[in-house]
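Bear in mind that the values here come from a model prediction, so they are computed numbers and not experimental data.
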Amino acid sequence: MPADSINDTPTDRAPDQAAPHEQGRPTVRPVPETMTAVTARGYGQPDLLAVETDVLVPSPGPGEMLIEVHASSLNALDWHFLTGTPYFLRLMAGLRTPKRLTPGADVAGLVAAVGEGVTEFAVGDAVFGECEGGGCGEYLLVTPAQVVAIPDGVSFEDAAATPVAGLTAVQGLRTHAGVQPADHVLVNGAAGGVGTFAVQIAKALGATVTAVCSTTKVDMVRGLGADEVVDYKTEDVVPGGPRFDVMLDNVGNHPPRDVKSMLRPGARYVAVSGPKDNKWLDPMPRIIGMALALWRADASFHQFTASPKTEDLTYLAEALADGRIVPAIDRVVGLDGVVDGMVEIGSGHARSKIVVVPHSR
């Protein structure tokens with residue numbers, strides 16, 4: 001691929017516009033020896049990221065598949081792995097230098113090659129899912145358990161916007177909170193990646209949804225189907241007494257006393273994230289404090305790390321296909337737009353999803 005093609009950035013897409021669905025699937029290209037990818041060869045801020053044009057394309061080993069990436073998307077997960085914060089993350093990600101060279105845990109693309117023993121998919125199949133990284137490059141390796149088929153009529157961009165954020169929302173609401181049709185769900189931080197999926201999934205499960213976001217994002221969140229939208233810059237969601245059966249907390253900005261005051265008996269509090277002021281431990285102190293506070297309360301505490309379970313990816317695929325979920329995509333960028341996207345995510349004020357395509361196709 002010519003080096004200058006990395007600057008061929010697709011047209012931005014407004015949050016409330018659906019991606020253009022593809023008319024049939026493209027064919028797989030011959031696999032090259034090298035590829036273009038965004039890399040981070042150390043821990044640091046987004047300006048450390050570089051676009052390299054001579055990264056070796058990996059070969060699938062037994063039980064692995066090589067994916068030709070057609071789209072990925074950025075998540076807070078990528079920012080944490082880039083910065084190596086909180087610092088205890090480095091025990092898993094690499095003490096001095098990161099084990100993960102290329103960001104992008106979300107992937108949507110075509111199977112380009114399969115390793116020995118792979119029978120679930122064949123070359124040319126369109127798949128999407130969550131991987132260990134590499135989505136901001138032209139090729140990456142996955143296992144069959146990490147992906148599912150992209151349904152007909154679902155674009156690579158919509159599929160790529162979904163896995164990490166969608167899995168977090170699904171597993172938080174279905175697996176841990178056990179949302180039922182009569183429940184009243186509070187989504188705190190409803191305009192980010194997880195929040196936009198959580199609003200739609202809670203509605204799909206039949207719940208009544210109150211969503212909290214900032215002024216500039218109220219219309220977008222209301223368009224996702226929230227029954228009530230609270231602008232935290234002008235309103236306080238806390239007063240009103242116990243009225244929520246489930247709270248999915250993407251922000252962690254309310255003290256335990258206030259959280260308990262909003263929860264009904266038997267409610268479920270699901271901690272997704274929290275403050276990031278302390279580079280050593282945050283958000284763990286806040287999460288642990290909430291767990292201890294709810295230990296003696298008539299509400300259960302749930303905290304988890306989402307994983308690419310086939311059952312949940314299949315649920316997301318079906319919801320994308322039938323329109324129960326429409327990913328809220330702020331913009332689609334090329335590899336040259338990854339730095340700005342990561343800066344925005346690191347600020348904590350990202351609006352919905354930023355999708356990345358490795359090059360024009």
Side-chain angles (χ1 to χ4, degrees), residues 1 5 10 19-37 55-73 100-167 170 306-325 327 332 335 355-361:
M1 169 187 145
S5 66
H21 293 309
E22 302 181 40
Q23 302 299 316
R25 300 292 184 195
T27 57
V28 179
R29 299 176 175 183
V31 179
E33 293 184 0
T34 61
M35 64 176 172
T36 300
V55 178
L56 289 176
V57 174
S59 297
E64 294 180 326
M65 305 189 302
L66 181 69
I67 303 300
E68 179 187 273
V69 180
H70 282 243
S72 182
S73 71
R100 191 176 82 157
L101 180 68
T102 297
D106 288 330
V107 60
L110 300 176
V111 177
V114 298
E116 181 181 354
V118 173
T119 59
E120 296 89 339
F121 298 99
V123 171
D125 286 348
V127 298
F128 80 111
E130 180 182 344
C131 60
E132 284 79 18
C136 294
E138 295 180 298
Y139 293 89
L140 58 77
L141 293 175
V142 300
T143 65
Q146 293 175 304
V147 297
V148 296
I150 299 176
D152 291 340
V154 175
S155 70
F156 286 118
E157 289 86 352
D158 278 353
T162 300
V164 171
L167 285 168
V170 165
S307 58
K309 295 182 179 179
T310 300
E311 175 188 357
D312 294 326
L313 281 170
T314 300
Y315 172 87
L316 291 169
E318 293 172 349
L320 288 171
D322 64 21
R324 281 174 290 163
I325 295 174
V332 180
L335 296 183
V355 169
V356 180
V357 295
H359 54 71
S360 58
R361 294 182 178 273

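D158 CG to F128 CZ: the interatomic distance, rounded to the nearest 0.5 Å, is 10.5 Å. Annotation: the span from L320 atom CG to T162 atom OG1 amounts to 4.0 Å, rounded to 0.5 Å. Of the inter-residue distances, the one linking H70 atom NE2 with S155 atom OG reads 12.5 Å to the nearest 0.5 angstrom. Note: F156 CZ to R25 CZ = 5.0 Å, rounded to the nearest 0.5 Å.
Taking L56 as the reference, T34 meet the side-chain contact (heavy atoms from CB on, under 4.5 Å) condition, with sequence neighbours excluded. Checked against salt bridge (Lys or Arg N to Asp or Glu O under 4.0 Å), D312 has the following partners two or more places apart in sequence or in another chain: R174. Shown here are the side chain to side chain donor-acceptor pair (under 3.5 Å) partners of D152, two or more places apart in sequence or in another chain: there are none. Remark: S59 engages no residue in a side-chain contact (heavy atoms from CB on, under 4.5 Å) (not counting sequence neighbours).
Summarising the geometry of A319 relative to D322, their closest heavy-atom pair is O-OD1, 3.1 Å, with the distance given to 0.1 Å. Across S72 and G135, no two heavy atoms sit closer than the pair CB-O, 3.3 Å. Between G137 and T102, the shortest heavy-atom contact is N-CG2, 4.1 Å. Contact detail for V355 and A71: the closest heavy-atom pair is CG1-CB, 4.2 Å. Across all non-hydrogen atoms, the minimal contact from L335 to C136 is CD2-O, 3.6 Å.
Using a 4.5 Å heavy-atom cutoff, the side chains of P32 and E138 are not in contact.
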Criterion side-chain contact (heavy atoms from CB on, under 4.5 Å) on L167 and L316, from CA distance to verdict: CA-CA 8 Å; L167 285 168; L316 291 169; 4.1 Å; yes
Full working for side-chain contact (heavy atoms from CB on, under 4.5 Å) between Y315 and K309: CA-CA 10 Å; Y315 172 87; K309 295 182 179 179; over 6 Å; no
Criterion side-chain contact (heavy atoms from CB on, under 4.5 Å) on I67 and Y139, from CA distance to verdict: CA-CA 5 Å; I67 303 300; Y139 293 89; over 6 Å; no
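Sorted by first and then second residue, the side-chain hydrogen bond (donor to acceptor under 3.5 Å, both in side chains) pairs with a member in residues 124-133 read E132-Q146; sequence neighbours excluded.
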Less than 3.5 Å apart, which donor and acceptor atoms pair up between the side chains of residues 105-120 and the rest of the protein, not counting sequence neighbours?
from	atom 1	to	atom 2	distance (Å)
D106	OD1	V164	N	2.8
D106	OD2	S73	OG	2.5
D106	OD2	N75	ND2	2.8

